[in-house]
Amino acid sequence: MLAIAKGLIEQEDKDREVEKKRYMAETCQALSLPGSMQALQELCRELHHKIDVTDEERYDLELKVNKSAKEIEDLNIKVIDLKGKFKKPVLRKVRMSADQMLQALLGSKHKVSLDLRANLKQVKKEVKEEDKELRDVGDWRKNIEDKAGMDGRKKMFESEA
């Protein structure tokens with residue numbers, strides 16, 4: 001079986017080579033180089049002109065392909081947008097404790113009690129001395145009102161002296 005497959009592969013390779021030679025003979029004629037310098041320059045100009053024409057065609061086709069690809073992409077986006085429009089279902093509120101959620105997630109096998117408040121530490125708020133001083137000073141507006149007018153200036157000078 002392997003020998004038959006090997007023979008078929010070799011036959012396909014030979015067929016490809018024959019087809020390639022036939023195609024090259026049809027499309028590309030044998031190159032006949034003229035003997036004079038003028039004829040060679042004319043041949044070069046002709047080849048450059050053909051290269052320019054094919055480059056222009058390639059550029060035009062590339063632009064058409066890019067434009068078509070962009071249009072296809074836009075149309076695909078529109079199709080996806082049209083398919084994607086659906087009504088969102090109204091979600092209902094579910095009242096469940098943490099223990100009930102764990103039981104629903106883990107199943108009835110696991111008995112886990114989740115009392116988060118029991119694990120919290122009790123913290124007593126300590127009042128610092130700076131806070132007391134700030135409370136004694138009071139609101140800054142009251143200080144300004146006290147110093148406003150002649151009486152306030154008098155008090156200010158008396159307290160400095």
Side-chain angles (χ1 to χ4, degrees), residues 1-131 133-135 137 139-141 143-144:
M1 193 163 185
L2 290 174
I4 295 170
K6 185 178 179 183
L8 288 174
I9 290 174
E10 289 174 359
Q11 183 63 34
E12 286 177 3
D13 288 341
K14 288 177 186 176
D15 290 343
R16 275 194 212 121
E17 284 295 321
V18 170
E19 180 65 26
K20 185 177 179 181
K21 287 180 183 177
R22 185 190 61 76
Y23 176 78
M24 292 301 286
E26 280 180 11
T27 56
C28 300
Q29 295 89 16
L31 185 62
S32 60
L33 294 176
S36 69
M37 187 67 125
Q38 291 257 336
L40 279 175
Q41 287 178 347
E42 188 61 35
L43 179 66
C44 286
R45 285 189 196 109
E46 198 175 302
L47 289 174
H48 282 290
H49 179 69
K50 286 182 180 179
I51 290 172
D52 290 340
V53 169
T54 54
D55 278 345
E56 289 173 4
E57 289 175 0
R58 181 185 55 84
Y59 180 76
D60 292 341
L61 290 175
E62 189 176 337
L63 284 178
K64 283 183 182 178
V65 167
N66 288 340
K67 184 178 178 185
S68 298
K70 181 69 174 166
E71 287 178 6
I72 289 170
E73 186 179 332
D74 290 342
L75 290 173
N76 281 338
I77 289 172
K78 284 183 182 178
V79 167
I80 289 171
D81 286 345
L82 291 175
K83 281 184 180 178
K85 299 213 176 188
F86 63 92
K87 261 188 161 179
K88 290 184 182 176
V90 178
L91 299 176
R92 292 177 285 150
K93 274 190 177 178
V94 177
R95 293 188 178 244
M96 231 188 219
S97 69
D99 291 331
Q100 289 172 336
M101 276 190 215
L102 280 175
Q103 189 175 7
L105 290 172
L106 300 175
S108 60
K109 294 178 184 177
H110 301 283
K111 300 279 183 175
V112 177
S113 177
L114 186 64
D115 189 11
L116 296 175
R117 291 187 179 143
N119 296 335
L120 295 176
K121 293 181 180 177
Q122 293 292 330
V123 178
K124 292 185 179 180
K125 188 175 180 182
E126 295 181 19
V127 180
K128 296 181 180 177
E129 292 179 21
E130 294 173 7
D131 291 340
E133 290 175 13
L134 289 176
R135 286 186 193 148
V137 169
D139 193 10
W140 61 272
R141 289 183 208 102
N143 290 338
I144 289 187

Less than 4.0 angstrom from a charged side-chain N to a carboxylate O is my criterion; do E17 and K14 meet it? no
When rounded to the nearest 0.5 angstrom, what is the spacing between OG in S68 and CD in E73? 12.5 Å
Atom NE2 of H49 and atom SG of C44: how far apart are they, to the nearest 0.5 Å? 15.0 Å
Does CG in L63 sit with more than 12 non-hydrogen atoms of other residues, nucleotides or ligands closer than 6.0 Å? yes
Separation of E26 CD from M24 CE (nearest 0.5 Å): 11.5 Å
Counting heavy atoms not belonging to E71, are there more than 12 under 6.0 Å from its CD? yes
So, are R16 and D13 salt-bridged, with charged N and O less than 4.0 Å apart? yes
Interatomic distance, CG@L61 vs OG1@T54, rounded to 0.5 Å, equals 11.0 Å
Could you tell me if the side chain of K64 sits less than 4.5 Å from the side chain of K67, heavy atoms only? no
Among N76, L75, D74, find the residue that satisfies the side chain to side chain contact (heavy atoms under 4.5 Å, CB included) test when tested with I72. N76
For the atom pair CD1 (I9) and CD1 (I4), what is the distance rounded to the nearest 0.5 Å? 12.5 Å
So how far is it from K50 NZ to D55 CG, rounded to the nearest 0.5 Å? 14.5 Å
